[in-house]
Amino acid sequence: MFYPVNLNLDNMEIIIVGGGNVALRKCMNFLDFGKSVTVLAPDFDSRFLELGNKVDLINDIFKEEYIDKFDIVVAATDDKEVNEEIACICRKKSKLINVVDSRDLSDFTVSSYVKRGDLLIGISTGGKIPALSAKIRRDLEEIYDESFAEYVDLLGELREKIIKKYEDKTERKKVLKALVELDIEELKEIEKNI
């Protein structure tokens, strides 16, 4: 059973083993969160070369020593046996492993997500039907458009001011609950008066 969690990547090193389209997609996910990534493969999709210094490309076949300094490993090769080998080694070395073609060999799966600034909505079907996760993600992207980044920032700023202004926790909670019902223009007006 998988447990939903947000992982702090700041002090973690990540390697993706594989150089194809799936590996590229996994790489782009990490880059979307501001994390640089190492990618190991004998051949790379040409789009990897466009990523510049955000990605460290190692042109080689998988060898066990390559994963020693990494905390998170993504096995994204097109060879199930190699992916299984990587998973077994990671288990022995206490590395977090995601095998793209096997939930059973993975310590974690990567949810589909909608990211708008600090707003992060994860969507998962437990690996049963990724197409449904993608559809739900598209639906949520329409509901929570790019303007929600500013909305969340503004709510966060107001929350800090309200925490300082209201000592009574019950009153504070009531005010904060009311704020999330307002649109961004209404929040901007309130911010001027706090």
Side-chain angles (χ1 to χ4, degrees), residues 1-10 12-52 54-58 61-62 67 70-91 95-152 180:
M1 172 182 280
F2 289 98
Y3 181 78
V5 65
N6 291 328
L7 191 62
N8 182 348
L9 299 176
D10 288 346
M12 296 189 148
E13 297 296 323
I14 301 162
I15 188 167
I16 298 170
V17 183
N21 189 50
V22 174
L24 179 67
R25 193 175 72 243
K26 298 294 182 179
C27 180
M28 297 304 289
N29 284 348
F30 286 114
L31 294 177
D32 191 30
F33 286 86
K35 190 65 185 170
S36 59
V37 180
T38 299
V39 183
L40 167 68
D43 297 299
F44 296 96
D45 183 300
S46 62
R47 293 172 290 176
F48 274 107
L49 303 175
E50 299 167 11
L51 300 176
K54 298 175 191 171
V55 178
D56 181 23
L57 300 178
I58 301 174
I61 61 170
F62 172 75
I67 64 170
F70 295 94
D71 305 293
I72 297 175
V73 180
V74 177
T77 75
D78 58 2
D79 185 327
K80 283 185 182 279
E81 289 179 15
V82 171
N83 288 347
E84 286 177 21
E85 177 189 0
I86 294 168
C88 289
I89 292 167
C90 286
R91 286 252 158 46
K95 309 285 183 181
L96 284 175
I97 177 69
N98 171 250
V99 179
V100 297
D101 60 358
S102 175
R103 280 175 17 132
D104 294 337
L105 294 175
S106 297
D107 293 324
F108 68 97
T109 60
V110 180
S111 299
S112 189
Y113 62 88
V114 175
K115 186 174 184 294
R116 303 291 189 243
D118 288 328
L119 175 66
L120 178 62
I121 304 169
I123 305 119
S124 175
T125 59
K128 289 185 179 174
I129 181 94
L132 179 58
S133 293
K135 181 203 178 304
I136 293 169
R137 185 198 74 238
R138 288 188 305 272
D139 293 346
L140 289 171
E141 284 173 337
E142 288 183 27
I143 296 168
Y144 300 100
D145 63 20
E146 295 294 335
S147 70
F148 265 78
E150 181 184 6
Y151 183 74
V152 170
V180 299

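All values derive from a computational prediction rather than experimental measurement. FYI, the numbering just counts along the sequence from 1. Note that these values count all heavy atoms, side chains included, but never hydrogens, waters or copies made by symmetry.
Contact of the Val74 side chain with the Val110 side chain is not registered, since no non-hydrogen atoms from C-beta on lie closer than 4.5 Å. Looking only at side-chain heavy atoms (C-beta outward), Arg116 and Tyr151 stay at 4.5 Å or farther from each other. Side-chain atoms of Ser124 and Phe2, non-hydrogen and from C-beta on, never get closer than 4.5 Å to each other. Within the 4.5 Å cutoff, no side-chain heavy atoms of Asp71 are placed close to those of Leu9. Between Ser102 and Asn83 there is no side-chain heavy-atom pair separated by less than 4.5 Å. Residues Val22 and Asp101 are not in side-chain contact: their nearest non-hydrogen atoms beyond the backbone lie 4.5 Å or more apart.
Of all non-hydrogen atoms in Phe148 and Ile143, the two that sit nearest each other are CE1-O, 3.8 Å. Ala41 and Gly19 make their closest contact through CB-N, 3.4 Å (heavy atoms, listed as atom of the first residue, atom of the second, distance). A pairwise comparison of heavy atoms in Phe48 and Ala23 identifies CZ-C, 3.8 Å as the closest pair.
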Walk me through whether Cys90 and Ile67 qualify under side-chain contact (heavy atoms from CB on, under 4.5 Å). CA-CA 8 Å; Cys90 286; Ile67 64 170; 3.7 Å; yes
Give the C-alpha distance, both sets of side-chain angles, the deciding distance and a yes or no for side-chain contact (heavy atoms from CB on, under 4.5 Å) between Val82 and Ile61. CA-CA 10 Å; Val82 171; Ile61 61 170; over 6 Å; no
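To the nearest 0.5 Å, atoms CG (Leu120) and OG (Ser111) are separated by 9.0 Å. Here the NZ-CG distance, from Lys80 to Leu105, works out to 9.0 Å after rounding to the nearest 0.5 Å. Taken from CG in Leu119 to CD in Glu150, the straight-line distance is 13.5 Å, to the nearest 0.5 Å. The line from NZ of Lys135 to CG of Leu140 is 9.5 Å long, rounded to the nearest 0.5 Å. In this structure, the separation between CD1 on Ile14 and CG on Asp56 is 13.0 Å, given to the nearest 0.5 Å.
Within the structure, the side chain to side chain donor-acceptor pair (under 3.5 Å) test picks out the following pairs touching residues 32-46 (sequence neighbours left out): Asp32-Tyr113, Asp45-Arg47.
Crowding of Asn6 atom CG: a count of heavy atoms from other residues, nucleotides or ligands under 6.0 Å not exceeding 12. Residue-environment remark: CG (Asn21) exceeds the threshold of 12 foreign heavy atoms within 6.0 Å.
Using a 4.0 Å cut-off between a side-chain N of Lys or Arg and a carboxylate O of Asp or Glu, Arg137 and Glu141 qualify as a salt bridge.
A side-chain contact (heavy atoms from CB on, under 4.5 Å) with Val73 holds for exactly one of Ile89, Val99, Ile97; it is Ile97. Of the options Ile16, Leu51, Val55, Asn29, a side-chain contact (heavy atoms from CB on, under 4.5 Å) to Leu24 is made by Leu51 and by none of the others.
Asp79 and Thr77 form no side-chain donor-acceptor contact under 3.5 Å, judged by distance and modelled atom types alone.
Under a 3.5 Å cut-off, the side chain of Asn98 and the backbone N or O of Phe108 do form a donor-acceptor pair.
For Lys95 and Phe70, the positive end is not near the middle of the six-membered ring at less than 6.0 Å and at most 45° from its axis.
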